[in-house]
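For the numbers below, each heavy atom of this structure counts, side chains included, while hydrogens, waters and symmetry mates do not. Numbering of residues begins at 1 and proceeds along the displayed sequence.
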Amino acid sequence: MAGTNNFSVSRYAPDRGAWGRLTARDSMARRLDWPLLFSSIALSFIGALLVWSATRNRTELTDGDPYAFLFRHVLNTGIGFALMVGTIWLGHRTLRGAVPVLYGISVVLVLLVLTPLGATINGAHAWIVIGGGFSLQPSEFVKITIILGMAMLLAAKVDAGDQLHPDHSTVAKSLGLAVLPMAIVMLMPDLGSVMVMVVIVLGVLLASGASNRWIFGLIGAGVIGAVLVAALGVLDQYQINRFAAFANPELDPAGAGYNTNQARIAIGSGGLYGAGLFNGHQTTGQFVPEQQTDFIFTVAGEELGFIGGATIIALLGVVLWRACRIARETTELYGTIVAAGIIAWFAFQSFENIGMTLGIMPVAGLPLPFVSYGGSSMFAVWVAIGLLQSIRVQRPLTA
């Protein structure tokens, strides 16, 4: 059955006991992508140290407990890891059948943000406060359901052997599925998440083999949409100010341009080796706002220097490389599309986050995958790793 995750190991090690089942050629442990897993864990570990450094002196955030954010980051990582294990156990093919339910839940959650249950944090009305210092950002999970939903529709007839490529009707339906939650997220407005979702949709369509007319049409529609968003006043003033500050950082150095200017000072002062963990003047002086979340890379640049920043980028590169390999090796279009959507998501969000700290991208309020503090983001990226591992685990064995 397509949805089963059972692996028959008796052919390879019928009498070797537990060790034989673990080391057999078709065991789950042997099929896991270990470089992908270790790189993700390393990023989360580095993130824990950076979050700790950025928050240990922030008494207004920690209530006097210097380990508060460290504990929460480690807890979020642990929960995320458990979600990854659960995703692998269920399998991406099993989740394929649950897509309508998952999609419905994600749409309901983003709708709840627009009700009195929603909360504004860092200027974005994109959160649901749970209590106990924890909050939920539903738009992070919408990224996953868009990938799974579009993959389910675009690959259905192709994987069944009825078509070579998705037809125009199927592509239109998949775009409709993506547009609904994106429109709701835009109403918050959470422009950064919408930007990521647009890139995800383009990556999914490219991987699906859809006609290039759809790709060029979407790019054109995106340009027109951006003009309309600006003309109709959909964006909040702080978002407009961010783009203005990106175009001219000196326009408002004490206001909209403050974050970017302080971030560049922090990274530039790190040099090759950095000032050392917990020794960054910009970090300890709390000059960079939201340093544990959106601007976490500035801690790495200042305290770990070029080598530390390059290490984070290299680890993200390993994650993307292994994801690309998984997408290439799978024999089903559904798995290829899911992997491609995750690649587009991770690549763009990483580039945007690091780019905005360097001043080469506008500030968009996006976390750095695995590294930034934030439960919703951490849970979502680890579920994505679980999907990638499931695609690899369930690929056919080669002779």
Side-chain angles (χ1 to χ4, degrees), residues 1-3 87 90-108 110-111 139 141-186 193-225 323-324 326-348 380 383-384 387-388 390-391 394-396:
M1 294 292 291
T87 302
L90 287 173
H92 68 291
R93 293 172 183 162
T94 300
L95 291 174
R96 183 177 190 170
V99 164
V101 175
L102 297 174
Y103 178 81
I105 292 173
S106 67
V107 170
V108 169
V110 291
L111 282 172
S139 57
F141 304 102
V142 169
K143 298 169 187 175
I144 297 174
T145 53
I146 285 178
I147 293 172
L148 293 176
M150 292 187 71
M152 179 190 69
L153 291 175
L154 292 169
K157 294 181 180 179
V158 177
D159 284 340
D162 298 331
Q163 294 177 350
L164 292 177
H165 304 288
D167 56 29
H168 293 303
S169 174
T170 302
V171 175
K173 291 177 182 177
S174 70
L175 289 176
L177 178 145
V179 165
L180 175 59
M182 288 171 62
I184 299 172
V185 173
M186 192 66 207
S193 293
V194 172
M195 291 168 58
V196 176
M197 293 173 195
V198 169
V199 174
I200 286 174
V201 169
L202 288 174
V204 163
L205 289 183
L206 284 169
S208 72
S211 171
N212 288 334
R213 285 180 289 179
W214 283 103
I215 306 299
F216 293 119
L218 283 175
I219 294 174
V223 173
I224 295 172
C324 288
I326 289 170
R328 186 178 67 248
E329 290 180 349
T330 184
T331 57
E332 57 178 3
L333 182 60
Y334 175 72
T336 298
I337 293 175
V338 171
I342 294 171
I343 293 166
W345 165 15
F346 283 11
F348 177 78
V383 169
L387 289 169
L388 290 172
S390 172
I391 294 168
Q394 295 187 13
R395 80 192 191 285

Hey, could you give me the [atom1]/[atom2] distance between [X] and [Y], rounded to the nearest 0.5 Å?
X	Y	atom1	atom2	result
D167	L154	CG	CG	9.5 Å
S174	W214	OG	CH2	8.0 Å
I342	I391	CD1	CD1	6.0 Å
I184	M186	CD1	CE	13.5 Å
F346	K143	CZ	NZ	9.5 Å
M152	T145	CE	OG1	11.0 Å

Non-hydrogen side-chain atoms of [X] and [Y] separated by less than 4.5 Å:
X	Y	result
L218	L175	yes
W345	I144	yes
M150	I146	yes

Q.
Among I200, L177, V201, exactly one meets side-chain contact (heavy atoms from CB on, under 4.5 Å) together with M182. Which residue is that?
A.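 Of all the options given, the one that passes is V201.
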I need the minimum non-hydrogen distance between [X] and [Y], along with the two atoms involved.
X	Y	answer
G203	A340	O-CB, 4.1 Å
A207	L333	O-CD1, 3.7 Å
P181	V107	CB-CG2, 4.5 Å
A151	V338	CB-CG2, 3.7 Å

Q. Going by the angle between their ring planes, with limits at 30° and 60°, are H92 and Y334 parallel, tilted or perpendicular?
A.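 Parallel.
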[X] side chain to [Y] backbone, donor-acceptor under 3.5 Å:
X	Y	answer
T330	A327	no
S106	F141	no
S390	L387	no
T170	P166	no

